[in-house]
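These figures come from a predicted structure and were not determined experimentally. Just so it is clear, the values below take in all heavy atoms, side chains as well, and ignore hydrogens, waters and symmetry mates.
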Amino acid sequence: WGEGIKEIGDYAFGNCSSLEQKLILPDGIAGIGEGAFYFCEKLQGAELPKSLNVIGKQAFYNCTGMKGELRIPGTVSEVKDNAFAYCKGFTSLVLEDGIQTIGESCFYSCSGMRGTLTMPDSIHSVGNSAFSGCIGFAGLRLSEELEKIAPNTFSACTGIQGEVVIPDKASSVGYYAFYGCKNITDVTVGANVQKMNEITGYYYYSSFEGCSALKTIRFKGLTPPDLCRYTSIFTTLPALETIYVPAGAWKAYSDSYGN
């Protein structure tokens with residue numbers, strides 16, 4: 001790389017199928033443009049500099065040969081839509097503190113990533129389907145500052161086990177947010193969640209539909225979250241045994257959801 005480069009432009013190396021090496025970007029680069037490494041299927045990893053501020057849409061889309069850890073530095077304020085979609089070769093993901101926004105389908109079907117997906121509390125927005133199909137993650141820790149759980153965010157993340165805690169800051173949980181997460185056993189719904197199964201268009205699906213191992217749901221809010229029309233929180237939950245609600249709130253929940 002030459003000195004003084006500040007940005008990799010849109011589609012600069014898109015479809016460069018002969019790039020068969022680990023990508024190491026030098027300090028000083030502040031932006032990676034839209035589709036900059038789109039379909040570079042032989043890239044063998046990516047090392048991103050601490051000077052980086054933004055990763056553009058589809059920047060590494062379908063770079064299927066990636067290997068090892070992907071570390072997004074905290075200097076990056078936004079990782080845009082589809083930035084790493086279909087990058088199946090990465091084995092782990094580190095999101096450093098400082099990242100604020102993760103775009104729609106950002107890590108869609110990055111099925112090789114393992115371990116616990118840990119979101120730093122700097123993240124406040126995660127787009128639809130951002131981690132859909134990331135089947136390798138075994139655990140999930142959400143940012144305490146997350147404002148909502150968008151539709152399909154973690155759908156088909158079949159490896160996530162144990163407890164999932166929806167933060168108190170979140171106001172809604174979208175339809176299919178955790179669809180098919182068949183190894184989640186416990187869910188805690190934050191105190192300020194006002195809507196669940198929140199829909200876009202004409203979809204009428206539960207946030208936790210298909211979570212077949214889910215045994216316990218804990219609601220922290222005194223007021224039951226509103227359900228979007230024609231939906232239930234509890235569909236296709238064959239293992240559900242216990243629902244906890246705050247003291248003094250049982251009647252409100254019973255009236256809203258039935259016995």
Name all pairs fulfilling the side-chain hydrogen bond (donor to acceptor under 3.5 Å, both in side chains) condition that reach into residues 100-114, sequence neighbours left out, sorted by first residue then second. Lys88-Ser109
Residue pairs meeting side-chain hydrogen bond (donor to acceptor under 3.5 Å, both in side chains), one or both in residues 44-53, sequence neighbours left out, come to Lys50-Glu96
In sequence, state the C-alpha distance, the side-chain angles, and the governing distance for Gln58 and Tyr11, and then conclude on side-chain contact (heavy atoms from CB on, under 4.5 Å). CA-CA 9 Å; Gln58 298 185 323; Tyr11 296 95; 3.5 Å; yes
Using 0.5 Å steps for rounding, measure from the [atom1] atom of [X] to the [atom2] atom of [Y].
X	Y	atom1	atom2	value
Ile55	Asp81	CD1	CG	13.0 Å
Cys157	Tyr179	SG	OH	13.0 Å
Cys87	Leu93	SG	CG	11.0 Å
Cys110	Leu70	SG	CG	8.0 Å
Thr118	Ile123	OG1	CD1	10.0 Å
Leu142	Ile149	CG	CD1	5.0 Å

Which class fits the ring pair Tyr257 and Tyr253: parallel under 30°, tilted 30 to 60°, perpendicular over 60°? perpendicular
Do the ring planes of Phe39 and Tyr61 sit parallel (below 30°), tilted (30 to 60°) or perpendicular (above 60°)? tilted
Main chain of [Y], side chain of [X]: is a donor-acceptor contact present, judged purely on distance under 3.5 Å?
X	Y	answer
Asp168	Ala191	yes
Ser206	Phe208	yes
Asn183	Thr158	yes
Thr75	Leu52	yes
Ser207	Gly174	yes

With sequence neighbours left out, write down each residue that passes salt bridge (charged side-chain N to carboxylate O under 4.0 Å, His left out) with [X], or none if nothing qualifies.
X	value
Lys6	none
Asp121	Arg141
Lys42	none

Could you report the tightest heavy-atom contact between [X] and [Y], atom names first, then the distance?
X	Y	answer
Ser172	Val193	CA-CG1, 4.4 Å
Pro167	Ser143	CG-O, 3.3 Å
Pro246	Lys220	CG-O, 3.3 Å

Are [Y] and [X] co-members of a hydrophobic cluster defined by side-chain heavy atoms under 4.5 Å apart?
X	Y	answer
Met113	Leu48	yes
Phe90	Val94	no
Ile72	Tyr86	no
Phe84	Phe13	yes
Tyr38	Met66	no

Side-chain donor-acceptor pairs of residues 19-29 under 3.5 Å, sequence neighbours excluded:
none

Does the side chain of [Y] come within less than 4.5 Å of [X]'s, by heavy atoms?
X	Y	value
Lys195	Leu227	no
Phe154	Leu117	yes
Val126	Phe131	yes
Tyr176	Pro151	no
Phe178	Leu140	yes
Phe137	Thr116	no

Quick one: list whatever passes side chain to side chain contact (heavy atoms under 4.5 Å, CB included) with Ala252, sequence neighbours left out. Pro224
For [X], enumerate each residue passing the side chain to side chain donor-acceptor pair (under 3.5 Å) test, keeping only those at least two apart in sequence or located in another chain.
X	result
Lys182	none
Glu41	Asn62
Ser155	Ser132
Glu163	Thr188

Would Phe37 and Ile8 count as a side-chain contact (heavy atoms from CB on, under 4.5 Å) if you check the C-alpha gap in whole Å, the side-chain angles of each, and the deciding distance to 0.1 Å? CA-CA 9 Å; Phe37 298 94; Ile8 309 297; 4.1 Å; yes
Residues Glu34 and Lys57 bridged, charged N to O under 4.0 Å: no
So which residues get pulled into Tyr244's cluster when ILVMFWY side chains under 4.5 Å apart are joined, directly or through others? none
Criterion side-chain contact (heavy atoms from CB on, under 4.5 Å) on Asn152 and Asn128, from CA distance to verdict: CA-CA 6 Å; Asn152 286 299; Asn128 293 18; 5.5 Å; no
Kindly determine whether Thr185 and Thr216 satisfy side-chain contact (heavy atoms from CB on, under 4.5 Å), including the steps that lead there. CA-CA 7 Å; Thr185 56; Thr216 304; over 6 Å; no
Apply salt bridge (charged side-chain N to carboxylate O under 4.0 Å, His left out) to Asp186 and Lys215, showing your working. CA-CA 6 Å; Asp186 297 84; Lys215 293 182 177 180; over 6 Å; no
More than 12 heavy atoms of other residues, nucleotides or ligands under 6.0 Å from CZ of Phe60: yes or no? yes
